[in-house]
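Remarks on the structure that follows.
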Amino acid sequence: MAPHSPVWTLSAQQVYETLSTSTQGLSEAETALRIKHYGFNELPEPARRSLLLRFTDQLTHFMALLLWVARTLAFISGTPELGWAIWAAIWINADFSFSQEFQAEQALAALNKMLPARAKVYRDGTLYRMLDCVRYCSKNPG
């Protein structure tokens with residue numbers, strides 16, 4: 001198997017070979033070794049930036065910078081009404097974009113809390129339902 005093959009393109013046997021396992025699953029000892037070596041099966045929390053910095057991002061992205069230049073040129077060319085209109089558009093856009101991004105993050109966090117943290121795994125040939133399978137490995141047969 002090529003190391004860059006997507007997992008969904010592999011046969012079941014190729015997956016077993018790649019992951020050094022079998023239809024019987026991992027042994028408890030192998031599971032403990034892999035957790036010790038690789039860590040738990042979890043994604044790290046992304047670094048959170050302050051709200052002020054995230055709002056500032058909305059004022060300094062490429063298109064906003066172009067609008068700042070246009071605003072400056074409007075004032076230089078003697079059309080302050082246009083300059084103020086562009087200034088207002090920059091701030092309205094920043095406010096709208098920031099609020100949309102913030103609401104999307106809040107919705108994603110709420111959805112993440114609703115996801116069940118369960119998986120079915122084989123350990124030494126026995127099927128278990130793992131509760132909170134990301135962090136805690138409490139086994140319930142079934």
Side-chain angles (χ1 to χ4, degrees), residues 1-123 126-142:
M1 177 200 83
H4 61 278
S5 297
V7 71
W8 58 87
T9 64
L10 304 176
S11 68
Q13 190 57 39
Q14 288 173 315
V15 171
Y16 295 141
E17 290 170 10
T18 302
L19 300 177
S20 302
T21 188
S22 70
T23 57
Q24 298 300 305
L26 298 174
S27 67
E28 289 296 330
E30 179 64 20
T31 302
L33 283 174
R34 289 187 186 199
I35 288 174
K36 186 176 181 180
H37 184 265
Y38 298 108
F40 289 100
N41 186 18
E42 63 186 355
L43 295 174
E45 280 290 320
R48 293 284 176 145
R49 297 180 70 210
S50 72
L51 292 177
L52 179 62
L53 286 176
R54 291 193 284 166
F55 183 77
T56 305
D57 289 343
Q58 302 301 324
L59 295 170
T60 58
H61 64 79
F62 180 72
M63 294 305 289
L65 293 175
L66 286 177
L67 286 172
W68 285 112
V69 170
R71 173 193 174 264
T72 304
L73 291 174
F75 279 111
I76 291 172
S77 69
T79 53
E81 299 85 8
L82 179 60
W84 288 114
I86 293 172
W87 181 83
I90 292 169
W91 284 93
I92 290 169
N93 181 62
D95 184 47
F96 179 74
S97 297
F98 173 78
S99 64
Q100 290 289 56
E101 191 174 297
F102 185 76
Q103 288 175 2
E105 287 176 3
Q106 297 299 313
L108 186 59
L111 285 173
N112 263 343
K113 288 180 184 176
M114 293 175 59
L115 289 175
R118 288 182 241 144
K120 292 181 181 179
V121 299
Y122 280 98
R123 294 286 185 261
T126 305
L127 180 64
Y128 291 99
R129 192 172 354 154
M130 306 298 272
L131 302 176
D132 195 13
C133 61
V134 172
R135 198 76 167 125
Y136 179 69
C137 295
S138 134
K139 296 183 290 189
N140 291 331

Could you tell me whether a side-chain N or O of [X] sits under 3.5 Å from a main-chain N or O of [Y], the two making a donor and an acceptor?
X	Y	answer
Thr79	Glu81	no
Trp68	Leu59	yes
Ser97	Ala94	no

Only counting residues at least two apart or in another chain, list the ones meeting side-chain contact (heavy atoms from CB on, under 4.5 Å) with Tyr122.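 Per chain and number, Tyr122 pairs via side-chain contact (heavy atoms from CB on, under 4.5 Å) with Leu127.
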
side-chain contact (heavy atoms from CB on, under 4.5 Å) partners of Leu67, counting only residues at least two apart: Ile86, Ile90

Minimum heavy-atom separation for Ala74 to Ser77, with atom names? O-OG, 3.1 Å

With the side chain counted from C-beta on, respond yes when Thr9 and Gln14 share a heavy-atom pair under 4.5 Å apart, and no when they do not. no

Heavy-atom side-chain contact between Gln100 and Gln58 under 4.5 Å: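 Heavy-atom side-chain distance check fails, nothing below 4.5 Å.
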
Please identify which of these residues, Thr72, Leu66, Leu73, meets the side-chain contact (heavy atoms from CB on, under 4.5 Å) condition with Val69. Leu73

Nearest 0.5 Å, what's the [atom1]-[atom2] distance between [X] and [Y]?
X	Y	atom1	atom2	value
Phe55	Glu101	CZ	CD	11.5 Å
His61	Thr56	NE2	OG1	12.0 Å
Gln106	Leu111	CD	CG	11.5 Å

Angle between ring planes, Phe98 versus Phe102, binned at 30° and 60°: parallel, tilted or perpendicular? parallel

After noting the C-alpha distance and the side-chain angles of Ser11 and Glu17, does the key distance pass the side-chain contact (heavy atoms from CB on, under 4.5 Å) rule? CA-CA 10 Å; Ser11 68; Glu17 290 170 10; over 6 Å; no

Looking only at the side chains, is there a donor atom on one of Thr31 and Arg123 sitting less than 3.5 Å from an acceptor on the other?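 Thr31 vs Arg123: donor-acceptor pair found between side chains.
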
Are Leu33 and Glu28 close enough, and set up right, to give a side-chain contact (heavy atoms from CB on, under 4.5 Å), and what steps lead you there? CA-CA 9 Å; Leu33 283 174; Glu28 289 296 330; over 6 Å; no

Take Asp57 and Arg49 through the test side-chain contact (heavy atoms from CB on, under 4.5 Å) and record every step on the way to the result. CA-CA 11 Å; Asp57 289 343; Arg49 297 180 70 210; 2.4 Å; yes

